[in-house]
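Here is how names work: the chains are called A, B, and so on, in the same order as the sequence lines, proteins then strands, and each is numbered from 1. Fair warning: this is a prediction, and the values are worked out from it, not measured in the lab.
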Amino acid sequence: MFFTYLRRELRRRRKAALVVASGLALGIALVIVVSSVSSGMSQAQDKVLQSLYGLGTDMTVTKAAAPPGEGDNRRRFEFDAKGDTGAEQSSDRVMVQGFQTLASSTVTQVGGQDGVAQAVGGLSLTVLKVNGEFKPGEITPPQGGGRTGQGGTGGAGGGEVRGGGAAFDVNSYTVFGTDVAAPALGPLTSSKITTGRTFKSTETDAAVAVVDSAYAKEKSLAVGKTVTISGTKFSIVGVATADSGDSAANLYIPLKKAQTLADSKDKVTTVYVKAADSQQIDSVKSAIQKNIPDTTVTTSADLAGTVSGSLSTASDLATTVGKWLSIAVLIAAFLVAGLLTSSAVSRRVREFGTLKALGWKSGRVTRQVVGEALVNGLLGGVLGIALGLGGAYLVTAISPTLTAQLGSTGGGGGLAGGGPMGGGPARQTASKALDIALTAPVSVSTIGIAVGLAVAGGLIAGGFGGWRASRLRPADALRRVE
Amino acid sequence: MYQLRGVTKRYSRGKKTVDALAGVDLTIEDGGRLVIQGPTGGGKSTLLQMLGGLDRPTRGSVEFDGVDLAQLPEARLTKVRAESIGFVFQSFNLIPTLTAQENVETALVPLGLKGAARRERAAEALGSVGLGERLGHVPGELSGGQQQRVAIARALVKRPKVLLADEPTGNLDESMRDEIMELLEGLWKEHGLTFIMVTHDSSIARRAPRLATIRKGRVTITENAAA
């Protein structure tokens with residue numbers, strides 16, 4: 001009888017049922033879309049963060065920022081003022097990014113902390129190559145005749161120096177010294193080897209390099225060719241393509257080689273840390289900061305806060321405006337559903353009064369009302385899920401491009417360590433923008449939440465109506481003239 | 001069967017109070033037939049609701065089979081209604097979405113009967129009021145007289161001790177009225193029920209063996225030996 005009665009009543013009141021279901025559907029669809037877009041944003045942010053220091057890294061440890069002047073070991077370019085005219089000169093400098101290094105023993109120290117699954121060191125370098133020539137100026141005496149002089153401008157012996165100067169090209173690229181014995185951690189994990197191979201664990205001090213695909217294209221480098229870094233030739237064994245389109249470095253070489261090039265024996269710029277339990281990252285961070293002085297520990301959460309650009313704005317919108325809009329629409333939908341159900345009960349007082357006169361308990365009448373509302377809620381849930389999935393599919397199909405601004409990089413810039421946000425190796429430009437295509441993945445838990453909301457909506461609406469029905473006295477109901 | 005003592009029902013609207021029933025004393029024997037008559041607003045329906053356990057008096061007692069309905073908790077009162085009292089209303093009060101058979105079944109739901117047993121008894125009850133061929137029709141597909149027959153079948157399907165009818169012919173034309181009255185009187189005799197009916201209709205009232213006339217909440221009983 002319960003289901004027969006329920007089915008017939010829903011069929012009779014299908015317009016009202018549709019209104020209630022549509023309201024709930026709208027709210028539920030909004031929750032699904034906002035939730036899936038938020039999830040997509042989160043994935044996009046993860047992607048951005050992964051591009052900073054690779055997959056699997058939970059935090060990085062760098063040297064705490066030193067006061068200005070302290071530890072500043074910048075080297076200068078030196079050129080001879082040769083007598084030869086027009087001779088090309090070249091000088092390159094391998095510099096540690098951020099000029100702040102940690103002792104390699106720190107890696108072992110970090111690895112020994114509670115909750116640390118693995119710790120790997122890396123050395124980020126910037127190679128600045130300057131090459132060009134000096135052109136001598138000519139001294140023109142006041143009364144004709146002249147002699148050659150060094151330098152650009154200025155007078156000599158009462159004559160006037162004309163012409164001269166210097167023309168230099170500056171070429172800068174980044175090199176990352178990676179621990180070849182631990183390939184699962186570090187910046188290279190955010191790239192895929194598309195040609196050739198990665199390092200062998202035996203190549204700890206080999207003159208081999210993996211080159212980023214974009215840099216390889218720009219400089220016409222390929223597997224089998226060589227690249228010279230500060231006078232040392234490296235054989236290119238592989239080409240790596242960054243997952244996010246933005247590589248961690250132009251060239252990757254074994255850590256030991258990088259240390260030699262930068263004259264930083266047993267030094268690293270960054271320690272990449274994988275926590276044993278992703279839920280205990282904060283406690284691991286605290287332990288490292290407490291036990292290893294003069295270090296800065298940066299977690300994914302810390303990095304996430306520094307990502308700006310449209311991705312960040314959209315993410316903020318999704319988590320604030322989207323969330324509150326969803327809540328507001330849901331509350332409105334629940335209230336409307338409740339009021340409509342209550343109003344439907346008011347129109348059926350004679351019917352319910354008759355049933356009570358026939359001996360139906362209040363609970364049975366209430367169950368009938370709640371049952372009808374619950375079916376309305378579930379109907380709204382089904383519509384809402386369909387609508388929400390459609391919305392999420394549309395977002396994924398359109399894949400709007402969001403830009404993630406990774407902040408300032410380069411020597412000495414950024415936060416601690418000179419890497420972007422203080423974590424990993426620096427990017428090639430002062431401020432790097434990553435384009436991320438937004439997707440809206442719908443998880444099973446989101447669908448679960450939608451179903452829960454549908455049931456909740458039905459129960460709330462049924463609660464309104466059921467409460468009204470349970471309070472009906474049969475005499476009052478039968479006395480009412482309709 | 002029924003013993004009413006000093007039953008008063010007071011309604012308040014703002015500062016105004018109205019006694020729909022004012023100290024009614026009334027005894028109704030088992031198997032008796034009583035017609036309640038009186039002007040509109042005189043308290044007829046209120047008295048019927050007291051007898052049916054649909055409402056409680058402000059004062060006084062309504063004893064039914066030795067139990068005071070005025071003092072019974074709601075759950076037990078509901079049980080009394082479910083098992084012992086059948087109602088027939090002027091407006092039939094059928095559920096519009098349910099078929100004739102399902103409408104009759106609604107009276108059996110509180111008794112805990114299973115679906116097949118319910119359907120069987122409902123079909124039997126509808127057969128006894130001449131609607132054996134209309135089991136699957138919804139109220140909208142039936143005439144007024146047929147709808148009232150369904151309502152009568154619904155009242156009697158649970159085999160109650162009492163049948164309470166509130167102006168059962170009020171919405172019917174004359175020929176249908178006689179038909180329904182004949183049916184009700186026949187069923188009363190056949191089932192040995194206590195039959196209490198409220199009516200405006202003097203021709204019906206005249207046929208009753210016992211007439212309760214209610215004015216301003218007070219009841220006067222007239223015995224009609226000829227009926």
Side-chain angles (χ1 to χ4, degrees), chain A residues 1-18 20 341 344-373 375-376 465-482, chain B residues 9 11 20 45-46 48-57 74-99 101-115 118-119 122 138-140 151 154-155 157-158 160 164 166:
Chain A
M1 178 55 70
F2 174 82
F3 291 106
T4 307
Y5 191 14
L6 188 137
R7 199 177 61 243
R8 300 276 174 78
E9 283 304 321
L10 286 175
R11 196 182 299 162
R12 176 162 72 129
R13 297 169 203 282
R14 51 181 173 265
K15 269 189 186 170
L18 204 64
V20 171
T341 307
V345 169
S346 299
R347 285 195 299 275
R348 293 166 71 187
V349 285
R350 181 190 286 263
E351 187 176 318
F352 294 137
T354 303
L355 291 172
K356 284 192 172 184
L358 293 177
W360 281 43
K361 290 177 184 165
S362 286
R364 188 181 287 277
V365 175
T366 303
R367 273 201 299 279
Q368 198 68 41
V369 173
V370 172
E372 289 173 21
V375 172
N376 277 342
W467 176 77
R468 177 94 177 77
S470 69
R471 284 169 57 88
L472 280 176
R473 292 168 62 233
D476 291 341
L478 295 172
R479 200 176 289 131
R480 187 184 162 108
V481 177
E482 292 179 39
Chain B
K9 181 66 184 179
Y11 292 109
S45 294
T46 304
L48 203 71
Q49 283 164 5
M50 298 295 156
L51 294 170
L54 297 177
D55 208 349
R56 295 172 194 270
E74 194 56 43
R76 282 192 61 195
L77 199 57
T78 302
K79 194 165 185 281
V80 169
R81 287 201 301 268
E83 292 173 352
S84 307
I85 303 170
F87 291 93
V88 176
F89 305 98
Q90 181 180 352
S91 305
F92 325 133
N93 290 18
L94 300 176
I95 311 292
T97 51
L98 300 181
T99 63
Q101 189 175 23
E102 287 159 354
N103 263 290
V104 176
E105 278 185 62
T106 58
L108 298 172
V109 168
L111 302 182
L113 261 70
K114 297 291 173 199
R118 277 204 316 261
R119 281 189 289 278
V138 291
R154 182 178 65 185
V157 71
K158 60 188 170 191
L164 301 176
D166 191 0

Which atoms of [X] approach chain A - backbone, side chain, both or neither, heavy atom under 4.5 Å:
X        : answer
B:Pro96  : side chain
B:Lys158 : side chain
B:Ser45  : neither
B:Thr99  : both

### Query
Can you tell me if B:Arg154 uses its side chain to pair, donor with acceptor, with the backbone of B:Ala107 under 3.5 Å?
no
### Query
So, B:Arg81 side chain and A:Lys356 main chain: donor-acceptor pair closer than 3.5 Å or not?
yes
#### Entry: Side chains of A:Ser346 and A:Arg468, donor plus acceptor under 3.5 Å
yes
### Query
Non-hydrogen atoms of chain B under 4.5 Å away: do they reach the side chain of A:Arg364, the backbone, both or neither?
side chain
### Query
Is any side-chain heavy atom of A:Leu355 closer than 4.5 Å to a side-chain heavy atom of A:Tyr5?
yes
### Query
Can you tell if the side chain of A:Gln368 reaches within under 4.5 Å of the side chain of A:Glu351, non-hydrogen atoms only?
no
